[in-house]
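Below is one structure, written out as structure tokens; comments come after it.
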Amino acid sequence: MAVRLEMHVAGRIEDYALIGDMQTAALVCRDGTVDWLCLPRFDSPAIFAGLLGTEEHGFWRLGPAHSDEEEPPTAVRRRYRGDSLVLESEWETTRGSVRVTDFMPPRDGAPQLVRIVEGLSGRVQMRSALRMRFSYGRVVPWVHRVGERLVAVAGPDSVWFDSTAETHGEDLTTYSDFTVSPGERVAFTISWEPSHHSPPAVPEPEVALANTEEFWRDWVAQCTYHGPYREAVIRSLITLKALTYAPTGGIVAAPTTSLPEEIGGVRNWDYRYVWIRDAAFSLYALLRLGFTDEAEAFFDWLARSVRRCEDGPDGPLRVLYSIDGRSDLAEEELPHLEGYRGASPVRVGNRASGQLQLDVYGELFDAAYLFNKYGEGISWETWSDLVEVLDWLLDHWDSADESIWEARSGPHRHTYSRVMCWVAVERMVRIARQRGLPADLVRWTSVRDAIFRQVMAEGWNERLGSFVQRLADGEDEQPPEILDAALLLMPMVKFLSPRDERFRSTLRAISEGLVADSLVFRYDASVAGDGLDGTEGTFSLCSFWWVEALTRTGRTEDARLALEKTFTFANHLGQYAEQVGVTGEQLGNFPQALTHLALISAAVNLDRAMG
């Protein structure tokens, strides 16, 4: 009985589940296929790139056997085992039922992906089909036996394959056909090692499973939140932990690249990097819920990244960095990959790393403020670095930039960027006064007040009755009538009181112009002119910001209904891609850290507001 190896059709984005080891991650589809895995770290080339191409670009399918005429069956039940990242998938067949447990043990030596098959009832024929391809599917490795083990080698990479089942090779693919009865367990493991190193230790799958469960159980036990939204909050925290690169503390925006914001479209980006703007949200969530070690590690990553910067025409601070702090993330296209369901180009690297996005300064300084207030406090060296960065910002805050949404239509004078520049200066004033640190408070407060006045005078559109995306171009002109969901954050960053009538009016305008069934568009792309073709879905991040804005303005019942409606747009395991399409499908890179961070903030603050 053979598995069809024709043109690969990836599953829906929402059909995937995340597993990971805090240094890289894999996506497992409902049919038991691992379609995406980069080794040894998040931003390494993929060894399974079928998600963005065909089966020729790498995959690992494990599930009930099926004939050439049949589609691979999908699991009827999938769940994470308790509060963990151990995935369980169960199939019901005419001959019985079976469970596959997938996980990646927290890294202690070679990275591993472990898959354990367990018979539940009857006798079920199973098949493992493993096709390893290195360098995003461009390199076919040499697969051979070393004793009882299989190893795939090409250039600097080697992947070792261990199993208690017999295997055979066919069509440059490693197969294993076997049958399981109730209580029988068959394990498979792949382990990566540099090709010039000695072989990795022979894995012990059952021991690794027990240790992995214990790790997640102990980690989750630190959480101090026990409210009504705990299930969603915990799943978001676990997702956030999974996207943390343990050696440095950086948190990637997502573990994938080029999952499209529109099926068949060109809005496809590489998110396997650390965005500065995620910092304040991450620190808030981690510190608020008791995860001080992770918060300290992430702030240390931030401090090191800032210290590496040199002043240039685009400022001393980059928008995003690699997980180890590099800022040179040149963008290139991979034409050999057709893209997820034809959405091309496939990109690696991210050109946004060279953009000027002034809002990131506000997010950086807000993170410093939060860490100084709730963590161990910032050091004198970090304060000195922050003062140097602020000095640059004080001279350049009124520049045009690309801002939070990273448009590719050229720079503009963005309202949200001005708000976050105000946050940057205001937070530094607060830290200086709280700690008695040396500061030029006369200059700082003067610039802070100038920014505030500019936003109030030039960012407000009288006809719309709302703050809008871009400032007015002249003293007598109204600013362009472009609503921007980022401005929902104005009360959250303390720029305006949530009771301020101008913010309430802005909330009404956004509710009428950008909200569809509790889902929120970041802006109207047809009006904003962002320099890209095509359309996009609603931004899940903005949907949770809307919930929090409703909460802060006292509309707690509306906020509750919106939050619970937004929960229904998660996938079956509580995970979110960047966007939700108008028909409810997940779009964009998956899962997205910032969305889960916004969920945590919205849920915790609503719970607190409802008493």
Side-chain angles (χ1 to χ4, degrees), residues 18-28 34-49 58-60 62 84-87 100-117 128 130-136 139-165 167 174 176 185-216 219 241-250 252 255 272 322-324:
L18 177 77
I19 58 175
D21 66 356
M22 282 70 73
Q23 294 192 43
T24 191
L27 294 184
V28 188
V34 180
D35 273 327
W36 184 254
L37 174 61
C38 299
L39 287 172
R41 41 186 254 176
F42 291 110
D43 56 356
S44 298
I47 71 161
F48 301 137
F59 73 98
W60 185 5
L62 177 59
S84 78
L85 208 62
V86 175
L87 176 69
V100 174
T101 301
D102 293 319
F103 64 98
M104 297 184 72
R107 190 80 60 94
D108 182 18
Q112 296 180 340
L113 192 163
V114 183
R115 316 191 75 179
I116 300 175
V117 181
S128 166
L130 172 65
R131 177 171 284 193
M132 289 176 282
R133 297 291 183 266
F134 297 166
S135 187
Y136 301 105
V139 176
V140 178
W142 173 42
V143 180
H144 60 285
R145 290 193 177 274
V146 177
E148 297 297 318
R149 312 178 75 181
L150 280 178
V151 60
V153 180
D157 301 297
S158 70
V159 176
W160 295 76
F161 179 57
D162 295 278
S163 178
T164 53
T167 63
T174 300
S176 180
R185 295 169 72 88
V186 179
F188 300 84
T189 303
I190 59 172
S191 309
W192 180 92
E193 192 73 42
S195 57
H196 62 284
H197 285 193
S198 300
V202 176
E204 299 180 88
E206 299 294 348
V207 173
L209 176 59
N211 291 342
T212 302
E213 286 189 89
E214 181 181 14
F215 168 85
W216 286 108
W219 186 80
K241 178 66 170 176
L243 299 182
T244 300
Y245 184 64
T248 65
V252 297
R272 297 172 299 160
S322 71
I323 50 181
D324 52 12

Any chance you could lay out the side-chain contact (heavy atoms from CB on, under 4.5 Å) test for Val114 and Leu209, step after step, and finish with the verdict?
-> CA-CA 8 Å; Val114 183; Leu209 176 59; over 6 Å; no
Heavy-atom count around Glu204 CD within 6.0 Å, excluding the residue itself: above 12?
->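 12 or below, so no.
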Just wondering, do Pro111 and Gln23 contact through their side chains at under 4.5 Å, heavy atoms?
->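 Of all side-chain heavy-atom pairs linking Pro111 with Gln23, none is under 4.5 Å.
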Side chains of Glu148 and Val202 in contact at under 4.5 Å (non-hydrogen atoms) =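 Of all side-chain heavy-atom pairs linking Val202 with Glu148, none is under 4.5 Å.
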Modelled atom types, side-chain donor and acceptor of Arg185 and Thr101, under 3.5 Å |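 There is no such pair between these side chains.
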Fit a plane to each ring of Phe161 and Trp60, take the angle between them on a 0 to 90° scale, and name the class: parallel (under 30°), tilted (30 to 60°) or perpendicular (over 60°).
->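 Judged by the thresholds at 30° and 60°, the geometry between Phe161 and Trp60 is perpendicular.
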Mutual orientation of the aromatic rings belonging to Trp219 and Trp216 [parallel < 30°, tilted 30-60°, perpendicular > 60°] =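 Rings of Trp219 and Trp216: perpendicular, over 60°.
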With side-chain contact (heavy atoms from CB on, under 4.5 Å) as the test, would you mind laying out the steps for Ile190 and Leu130 before giving the verdict?
-> CA-CA 10 Å; Ile190 59 172; Leu130 172 65; 4.2 Å; yes
State the CD1-OG1 distance between Ile116 and Thr189, to the nearest 0.5 angstrom.
->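 Answer rounded to 0.5 Å: 7.5 Å.
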How many angstroms lie between CZ in Phe48 and CZ in Phe134, if you round to the nearest 0.5 Å?
->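 These two atoms lie 9.0 Å from each other.
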Specify the closest pair of heavy atoms between Phe42 and Pro255, including all atoms of both residues, with the distance to one decimal.
->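 That closest heavy-atom pairing would be CD2-CB, 4.3 Å.
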Leu39 to Ser44 - nearest heavy-atom pair and separation =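 Closest approach of Leu39 to Ser44: O-CB, 3.1 Å.
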Might you work through the side-chain contact (heavy atoms from CB on, under 4.5 Å) test for Leu150 and His144, ending with a clear yes or no?
-> CA-CA 6 Å; Leu150 280 178; His144 60 285; over 6 Å; no
For the pair Phe188 and Val117, evaluate side-chain contact (heavy atoms from CB on, under 4.5 Å) and give the outcome as yes or no after the intermediate values.
-> CA-CA 8 Å; Phe188 300 84; Val117 181; 4.2 Å; yes
